[in-house]
Participant: 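The structure's right below; bear with me while I get my questions together.
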Protein chains: 2
Amino acid sequence: MSNIREVPKLEDVAKAAGVSTATVSRCLNTPDRVLEGTKLKVFDAIEVLGYTPNFGARVMAAKRTLTIGAIIPTMENAIFARGLQAFQEELHDRGYTLLVSSSAYRPDIEEEQIRKLVTRGADGLLLIGEDRDNSIYQYLKRQEVSALIAWTYSADAPLSCVGFDNRKSMQLLTENVMAFGHNRIGVISGFTKGNDRARSRMQGIREALMSNGLDPGELAVIETSYEIECGAKAFDQLMALERPPTAIMCGNDVLAVGALKRARERNINVPGDVSITGFDDIELARIVDPALTTVHVPHREMGRQAACVLVDLLEKNGEPRSIELQTLVQIRGSLGRRKI
Amino acid sequence: MSNIREVPKLEDVAKAAGVSTATVSRCLNTPDRVLEGTKLKVFDAIEVLGYTPNFGARVMAAKRTLTIGAIIPTMENAIFARGLQAFQEELHDRGYTLLVSSSAYRPDIEEEQIRKLVTRGADGLLLIGEDRDNSIYQYLKRQEVSALIAWTYSADAPLSCVGFDNRKSMQLLTENVMAFGHNRIGVISGFTKGNDRARSRMQGIREALMSNGLDPGELAVIETSYEIECGAKAFDQLMALERPPTAIMCGNDVLAVGALKRARERNINVPGDVSITGFDDIELARIVDPALTTVHVPHREMGRQAACVLVDLLEKNGEPRSIELQTLVQIRGSLGRRKI
DNA sequence: GCGAGCAATGTAAGCGCTTACATAATAAAG
DNA sequence: CTTTATTATGTAAGCGCTTACATTGCTCGC
């Protein structure tokens, strides 16, 4: 067929090596079922012809793409970057390629992206958090696409999880904040709608307050989007209250850095006048001055494990398997003893 | 064929709508060649059956995947994040999906990733910088994969570029530094081997020195990898010199932030005792105290334009088209007048 | 009113691989 | 030495689309 100078196909390799197309295919996919001598001939021919398997044909015949999709809220800040990088590295080691989309924290965009990646033939999907319409989970099941939830660990999530307990982590951090004498706490949270991580963290704070006999109803809470400038603005709002908080707990490090920045601009001393805490422990947390008290999340480990679990899931067709990773409260300079 | 409850295929849609498979395919791919009434019937059938085209089959028949690959040095720091995000958004708007890999700044890994993404059927590729083995460019040409270089603009690059002039930008920044009275300058550069951006920036510094009658041979230069800790370490080395520099210019903001951090730890005043500059103007640059003097790079614009050019390239089979974006020197607190 | 020209649709031939099944060759068992 | 199990390889049937080409039914100009 392809007698002239064309991209060589499997058939050409077979002809050159003097074997059948099936044998060439087996050399590529199940090499242990082929005799050593035959393999040698075949790989020689492949080398000589410069053959590369045609992706589309392979996908169509084998019904899998060796591709994994990830949909993350954003690539712009560092929150997901490190985990995603580790995820990609591990996938690569296992022969998979990573398809990436971002949803800008919007459920509608996320859904669109999920459908798109599935249509594009992703064998599996990495999703952030568990909070999404049930119809999406049904869709994934119907399409027989394995999916995994990261950044959240929840025993009764609709899919396997590789993540951590956002509520417990924040609760622990709050206990620490209170141990420094703070009982008038302000909170700068990410939007909780459609974001179980933000919601769990809020709940962690409330539970810590309650178990110390404080009324969570008195908590000053501002919800905003995860941007530095928004953190700064929210800081202003909290400090403008009649009785401003002595400690401000933020939904993540990005918000906390925004608050810290504004405090510096306004010459409000941290932690002298007000303490500030974050969540995630991204690199930024240790660069700002004072360094951020925050919750350390093992991002790389999470990304790596997520890749392992997801690949196992779809290769071994294994049952759901979840992994809960441990976080660690990191006390640094931005948290200080309450004055008076 | 698929009489039972199966994933519906194009043939099923055709049957349900009472048309041929070709017509259904045309409704999907070239809708203007189909009568309005026919289209209605077909889309109805698609809706009812919940049909989604099979990716593999489509790729095989149409010989394109509507997928673009990007290989960036790293996802971990913010340098490429914003541009990549914009790139992805624009691709999405144009119906393409993004495949992402990272090379850890290593040419061998980059080459492997390039081949992998091509094998995976990427229609086009986004590459960072132009500095790579010529055999790779030949490979891309042979495979007929369109590729684009970003983060670098060079008139004689082997491919279309969407980027900026690293040399000129750094030269301009250096002029500014010298205008503040500095003539003993230290440099913390990224590794220049295999990295034309790092090399061009160095060259920009040297040229600025020369055109001001200074000897670039006296420049204290340390090459290191783009990590905060490495910037800190290099700062120590430069300050340990017999005659330490009065200004330290860094290859990017990450290195600069590292240097700044170490200065603070050592109680060395910036810019009082030493000035520090960066490159890129990532968010970080405005968060640190003092804020970084740096070169502003229009990352989002670059990512967006790169997507436009690349898609045009492979859809219109257009000739190479390059875009040079302008940078802007941002003078901020980390650069001060030389003492004495 | 007829043939040219055009628009809408249908027919069917691939696209390049994987894999179930058939076959051949060899080893193990009786 | 035959029978059976086992292993290595070959044969060929799809996988579900796209698209070149064929066909049909119009509209129009003269």
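Protein chains get the first letters and strands the later ones, always in sequence-line order, with residue 1 at the start of each. Only heavy atoms go into these numbers, but all of them, side chains included; no hydrogens, no water, no symmetry mates.
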Participant: Rounded to the Å, how far apart are B/L35 CG and D/dT24 P?
Facilitator: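 Rounded to the whole Å, the gap is 19 Å.
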Participant: Could you tell me how far apart A/R26 (CZ) and D/dT11 (P) are, to the nearest whole angstrom?
Facilitator: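 So the two atoms are 11 Å apart, to the nearest Å.
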Participant: Does A/K41 use its side chain to pair, donor to acceptor, with the backbone of A/G18 at less than 3.5 Å?
Facilitator: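 Judged by distance alone, no pair lies under 3.5 Å.
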Participant: Hey, which of these two, A/T21 or A/D32, hits DNA chain D nearer its 5' end, going by closest nucleotide?
Facilitator: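 This one resolves to A/D32.
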Participant: Looking across every strand, which nucleic acid part, if any, lies under 4.0 Å from A/Y51 by heavy atom: base, sugar-phosphate, or nothing?
Facilitator: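 Answer is sugar-phosphate: A/Y51 comes under 4.0 Å of backbone atoms only.
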Participant: Can you tell me if B/T23 touches the phosphate of C/dT9, counting only side-chain N or O atoms and a distance under 4.0 Å to OP1 or OP2?
Facilitator: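 B/T23 to C/dT9 OP1/OP2: no side-chain N or O under 4.0 Å.
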Participant: Measuring to OP1 and OP2 of C/dT18, would you say a side-chain N or O of A/R58 lies under 4.0 angstrom away?
Facilitator: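 For C/dT18, OP1/OP2 do have a side-chain N/O of A/R58 under 4.0 Å.
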Participant: Would you say A/S25 places a side-chain N or O within less than 4.0 Å of OP1 or OP2 belonging to C/dT18?
Facilitator: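 For A/S25, the contact criterion (side-chain N or O under 4.0 Å from OP1 or OP2 of C/dT18) is met.
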Participant: Output yes when at least one side-chain N/O atom of A/N54 is less than 4.0 Å from OP1 or OP2 of C/dC15, else no.
Facilitator: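 Answer is no, no contact under 4.0 Å.
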Participant: Roughly how many Å is it from CG in B/L10 to P in D/dC15, rounded to a whole number?
Facilitator: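 Interatomic distance, CG of B/L10 to P of D/dC15: 14 Å.
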Participant: Nearest whole Å is fine: how far is D/dT18 P from B/R64 CZ?
Facilitator: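 In whole Å, D/dT18 P lies 10 Å from B/R64 CZ.
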Participant: Classify A/V34 by what it touches in the nucleic acid, base, sugar-phosphate, or nothing, heavy-atom distance under 4.0 Å.
Facilitator: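 A/V34: backbone/sugar contact only, no base atoms under 4.0 Å.
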Participant: Could you tell me the separation between the CG atom of A/N29 and the C1' atom of C/dT19, rounded to a whole number of Å?
Facilitator: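 Rounded to the whole Å, the gap is 10 Å.
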Participant: What integer distance in Å separates B/E36:CD from C/dA8:P?
Facilitator: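 Those two atoms, CD and P, are 11 Å apart.
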Participant: Which heavy-atom pair separates B/L84 from A/M75 by the least distance, and what is that distance?
Facilitator: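 That closest heavy-atom pairing would be CD2-SD, 3.9 Å.
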Participant: Is a salt bridge present between A/R300 and B/E76, judged by a nitrogen-to-oxygen distance below 4.0 Å?
Facilitator: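 Yes.
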Participant: Mind checking B/V19 for me? I need base, sugar-phosphate or nothing, with any heavy atom below 4.0 Å counting as a touch.
Facilitator: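 Sugar-phosphate: the residue B/V19, judged by heavy atoms under 4.0 Å, touches backbone atoms but no base.
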Participant: Looking at every strand, decide which applies to B/T38 at a 4.0 Å heavy-atom threshold: base, sugar-phosphate, or nothing.
Facilitator: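 Contact class for B/T38: sugar-phosphate only.
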Participant: Can we say A/D93 and A/R304 salt-bridge, meaning some charged N sits less than 4.0 Å from an Asp/Glu carboxylate O?
Facilitator: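 Result for this pair is no, no salt bridge flagged.
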Participant: Provide, to the nearest angstrom, the distance between the CG atom belonging to B/D12 and the P atom belonging to D/dC17.
Facilitator: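 The distance from CG of B/D12 to P of D/dC17 comes to 9 Å, rounded to the nearest Å.
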Participant: Please confirm whether the backbone N or O of A/T21 pairs with a side-chain atom of A/E11, one donor and one acceptor, at under 3.5 Å?
Facilitator: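 The answer is no, because no donor-acceptor pair under 3.5 Å joins these two groups.
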